[in-house]
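Contents: one structure, followed by commentary.
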Amino acid sequence: MDWLNTIIRTFFDFGAMAEVLPQLLAVGLLNTLIISIAATVLGTVLGMAVAVMGISPSKWLRVPARIYTDLFRGLPAILTILLIGQGFARLSQSVFGPSPYPLGIIALSLIASAYIGEIFRAGILSVDKGQGEACRALGMSYAKSMALVVVPQGVRRVLPALVNQFIAIVKDSSLVYFLGLLVSERELFRVGQDAAVLSGNLSPLVAAGLFYLVITVPLTHLVNHFDNKFRTGRRRAAPPTSGLQEVKELDAASPLTAGSNT
């Protein structure tokens with residue numbers, strides 16, 4: 001059973017996990033959430049702009065949106081992060097200082113906006129065309145009908161997909177460590193990796209993986225719950241009514257019956 005003891009010592013050393021736990025909570029988890037939430041917010045704003053451009057009647061808006069989407073969806077995430085993080089390092093130093101933290105968020109935002117833009121575009125196109133035609137029949141402009149009627153309905157339909165995209169951003173946030181974050185800016189993966197290198201044990205990385213699971217697994221089940229809820233809706237079965245009651249109501253409303261009563 002030496003192999004079993006080796007596996008336990010390598011991956012499930014609870015002493016090594018306990019040592020790195022404070023850093024995972026205070027530094028790693030906090031920075032992972034900051035990176036993920038900030039990238040999701042920026043990516044959602046950019047994604048909505050890309051989606052609206054992608055469905056625009058003007059080809060001067062559709063073509064750049066298509067190129068943007070194909071570019072950032074086609075490139076590997078790590079390549080985009082390195083190109084943004086290293087290519088704009090000098091400009092970032094004059095604006096944000098020596099920290100590559102903002103560039104990592106910007107890179108993840110660009111990647112996320114390409115996927116979120118397609119999610120929004122699919123949701124908007126799923127809205128019945130009659131909605132827009134009815135708005136224009138009421139005298140509303142194209143922009144106003146999209147902003148007040150079509151887009152809100154499309155966004156509601158793709159909420160589960162947006163949460164799925166946030167889960168993907170949480171996992172991709174581990175790639176930001178390639179930019180060389182400061183000690184106080186390390187996310188979960190980097191904290192676990194540094195502790196694993198110092199201790200010569202992989203248990204800190206396992207602990208970091210557990211934190212990722214704590215974030216992503218509940219969100220996954222939440223997505224499935226809302227997805228089923230949006231698909232089925234809240235339909236309550238109406239209690240059965242007697243056919244005789246309906247016949248009485250029809251007789252009461254009949255002109256012949258009303259004449260005989262008088």
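Starting from 1, each residue takes its place in the sequence as its number.
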Worked check of side-chain contact (heavy atoms from CB on, under 4.5 Å) between Tyr177 and Arg186: CA-CA 7 Å; Tyr177 92 97; Arg186 296 176 300 167; over 6 Å; no
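- In this structure, CG on Leu159 lies 10.5 Å from CD1 on Ile119, to the nearest 0.5 angstrom.
- Hydrophobic clustering (ILVMFWY, side-chain heavy atoms < 4.5 Å, transitive): Val191 and Leu198 are in distinct clusters.
- Of all non-hydrogen atoms in Val20 and Ala207, the two that sit nearest each other are CG1-CB, 4.5 Å.
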Would you mind writing out the side-chain donor-acceptor pairs for residues 162-173 within the sub-3.5 Å range, not counting sequence neighbours?
from   : atom 1 : to     : atom 2 : distance (Å)
Ser173 : OG     : Val170 : O      : 2.5

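- Remark: the backbone N or O of Gly54 is not paired with any side-chain donor or acceptor of Arg121 at under 3.5 angstrom.
- In this structure, the separation between CD1 on Ile81 and CZ on Phe178 is 8.5 Å, given to the nearest 0.5 Å.
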List the atom pairs, with distances to 0.1 Å, where a side-chain N or O of residues 64-77 and a protein N or O form a donor-acceptor pair under 3.5 Å, not counting sequence neighbours.
from  : atom 1 : to     : atom 2 : distance (Å)
Arg66 : NE     : Asp70  : OD1    : 3.4
Arg66 : NH2    : Asp70  : OD1    : 3.3
Tyr68 : OH     : Ser113 : OG     : 2.6
Thr69 : OG1    : Ala65  : O      : 2.8

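- Hydrophobic clustering keeps Met53 apart from Ile116 (ILVMFWY residues linked when any side-chain heavy atoms are closer than 4.5 Å, directly or through intermediates).
- Annotation: the span from Asp194 atom CG to Leu205 atom CG amounts to 9.5 Å, rounded to 0.5 Å.
- Here the shortest heavy-atom pairing between Pro204 and Gly192 reads CB-O, 3.6 Å.
- Taken from CZ in Phe11 to OG in Ser203, the straight-line distance is 8.5 Å, to the nearest 0.5 Å.
- Put simply, Leu125 and Met48 are part of the same group of oily side chains (I, L, V, M, F, W, Y) that touch within less than 4.5 Å, one to the next.
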Worked check of side-chain contact (heavy atoms from CB on, under 4.5 Å) between Phe120 and Val50: CA-CA 9 Å; Phe120 279 145; Val50 171; over 6 Å; no
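- In this structure, Ala18 and Pro22 approach most closely via the heavy-atom pair O-CD, 3.4 Å.
- Note: Leu79 CG to Leu83 CG = 4.5 Å, rounded to the nearest 0.5 Å.
- Distance check, rounded to the nearest 0.5 Å: CD of Glu187 to CZ of Phe211 gives 13.0 Å.
- Put simply, the side chain of Phe14 reaches to within 4.5 Å of the side chain of Met17, judged on heavy atoms.
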Criterion side-chain contact (heavy atoms from CB on, under 4.5 Å) on Leu29 and Leu24, from CA distance to verdict: CA-CA 6 Å; Leu29 180 60; Leu24 287 174; over 6 Å; no
Would you mind writing out the side-chain donor-acceptor pairs for residues 34-47 within the sub-3.5 Å range, not counting sequence neighbours?
from  : atom 1 : to    : atom 2 : distance (Å)
Ser36 : OG     : Thr32 : O      : 2.7
Thr40 : OG1    : Ser36 : O      : 2.6
Thr44 : OG1    : Thr40 : O      : 2.6

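- Hydrophobic clustering (side-chain heavy atoms under 4.5 Å, transitive across Ile, Leu, Val, Met, Phe, Trp, Tyr) keeps Leu210 apart from Phe189.
- In terms of hydrophobic clustering, with Ile, Leu, Val, Met, Phe, Trp and Tyr side chains grouped at heavy-atom distances under 4.5 Å, Phe12 and Leu202 are assigned to a common cluster.
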From CA spacing to verdict: side-chain contact (heavy atoms from CB on, under 4.5 Å), Leu179, Ile84: CA-CA 10 Å; Leu179 300 181; Ile84 299 296; over 6 Å; no
